[in-house]
Amino acid sequence: MQVKGWHMQREGEVVTLARRSPARFDLRVETLLPPVARLERLAHQVRQDMWRALRDLRGFAPVVRVQPCAGGVTVEAGGEVAGALPRKVVEARIAEVLEDRGNRARWVTWAA
């Protein structure tokens with residue numbers, strides 16, 4: 001399904017939100033969040049904040065995958081990058097977004 005230029009794919013309980021289809025992770029960072037009811041909303045919120053942090057990265061196409069797991073929800077954030085990239089620097093920026101307490105609280109509240 002495509003929503004406003006974003007591809008939303010659901011495979012069982014797994015939700016993947018990507019700019020391009022098929023989704024590709026050239027870089028990826030993972031985190032665990034508490035359980036939420038609306039996986040699609042969570043994916044969109046994570047994508048928005050990740051995009052804000054990486055909008056200066058040329059050729060970046062965000063991908064967020066959300067999957068329920070024991071004790072919560074696993075979130076994989078990253079995406080596809082056309083061209084060279086400083087992988088460790090970019091992954092550190094994504095990790096900062098994912099581990100920010102304010103972001104996490106807002107995401108969980110919004111997707112509850």
Side-chain angles (χ1 to χ4, degrees):
M1 164 182 22
Q2 188 169 2
V3 180
K4 296 183 182 179
W6 293 92
H7 298 274
M8 177 79 67
Q9 183 177 12
R10 188 178 262 281
E11 296 176 26
E13 293 186 317
V14 179
V15 173
T16 303
L17 178 66
R19 182 52 134 180
R20 299 186 184 118
S21 183
R24 186 178 92 204
F25 281 103
D26 292 335
L27 53 116
R28 172 189 335 228
V29 178
E30 189 174 306
T31 193
L32 179 65
L33 291 173
V36 298
R38 298 169 144 178
L39 300 178
E40 293 88 356
R41 287 184 111 182
L42 177 60
H44 275 288
Q45 288 292 297
V46 172
R47 191 265 318 154
Q48 286 175 346
D49 289 333
M50 181 174 55
W51 176 250
R52 288 180 187 122
L54 298 174
R55 65 178 160 233
D56 61 334
L57 183 59
R58 251 178 103 89
F60 179 63
V63 178
V64 176
R65 183 170 291 139
V66 182
Q67 177 175 351
C69 66
V73 178
T74 300
V75 176
E76 296 174 82
E80 179 180 338
V81 181
L85 74 142
R87 178 177 301 281
K88 293 205 183 287
V89 171
V90 175
E91 287 177 343
R93 286 168 67 186
I94 294 170
E96 285 176 20
V97 171
L98 293 179
E99 298 307 323
D100 181 271
R101 285 182 174 193
N103 288 345
R104 294 170 71 87
R106 182 171 34 81
W107 298 337
V108 170
T109 299
W110 182 250

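- In terms of heavy-atom proximity, F60 sits nearest to W51 at O-CZ3, 3.7 Å.
- Atom CD1 of I94 is separated from atom CG of L57 by 8.5 Å, given to the nearest 0.5 angstrom.
- Here the CZ atom belonging to R47 is positioned 8.0 Å from the CZ atom belonging to R52, to the nearest 0.5 angstrom.
- Atoms CG and OG1, from N103 and T31 in turn, are 11.0 Å apart once rounded to the nearest 0.5 Å.
- Sorted by first and then second residue, the salt bridge (charged side-chain N to carboxylate O under 4.0 Å, His left out) pairs involving residues 7-16 (not counting sequence neighbours) are R10-E40.
- Looking at every heavy atom in both residues, T16 comes nearest to A23 through CG2-CB, 3.9 Å.
- A distance of 10.5 Å separates CG of L17 from CG of L42, quoted to the nearest 0.5 Å.
- Of all non-hydrogen atoms in M8 and V15, the two that sit nearest each other are SD-CG1, 3.2 Å.
- Here the closest heavy-atom approach between residue W107 and residue L33 is recorded as CE3-CD1, 4.1 Å.
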Donor-acceptor pairs under 3.5 Å, side chain of residues 68-80 to any protein atom, not counting sequence neighbours: which ones?
residue, atom, partner, partner atom, Å
E76, OE1, R28, NH1, 2.6
E80, OE2, R20, NH1, 3.4

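- Taking the side chain to side chain contact (heavy atoms under 4.5 Å, CB included) definition, one finds that P22 meets it with nothing, sequence neighbours left out.
- Residues P34 and V108 approach most closely at CD-CG2, 3.8 Å, considering heavy atoms.
- Listed by chain and number, the residues in a side-chain hydrogen bond (donor to acceptor under 3.5 Å, both in side chains) with D100 amount to none (sequence neighbours excluded).
- Sorted by first then second residue, the salt bridge (charged side-chain N to carboxylate O under 4.0 Å, His left out) pairs that include residues 101-112, not counting sequence neighbours, are D49-R106, E99-R104.
- Grouped with V63 in one hydrophobic cluster are F25, the linkage being side-chain heavy-atom contacts under 4.5 Å among Ile, Leu, Val, Met, Phe, Trp and Tyr residues.
- Checked against side-chain hydrogen bond (donor to acceptor under 3.5 Å, both in side chains), R24 has the following partners two or more places apart in sequence or in another chain: D26.
- Listed by first and then second residue, the side chain to side chain donor-acceptor pair (under 3.5 Å) pairs involving residues 82-95 are D56-R93 (not counting sequence neighbours).
- Summarising the geometry of W110 relative to R41, their closest heavy-atom pair is CZ2-NH2, 2.8 Å, with the distance given to 0.1 Å.
- Sorted by first then second residue, the salt bridge (charged side-chain N to carboxylate O under 4.0 Å, His left out) pairs that include residues 61-75, not counting sequence neighbours, number zero.
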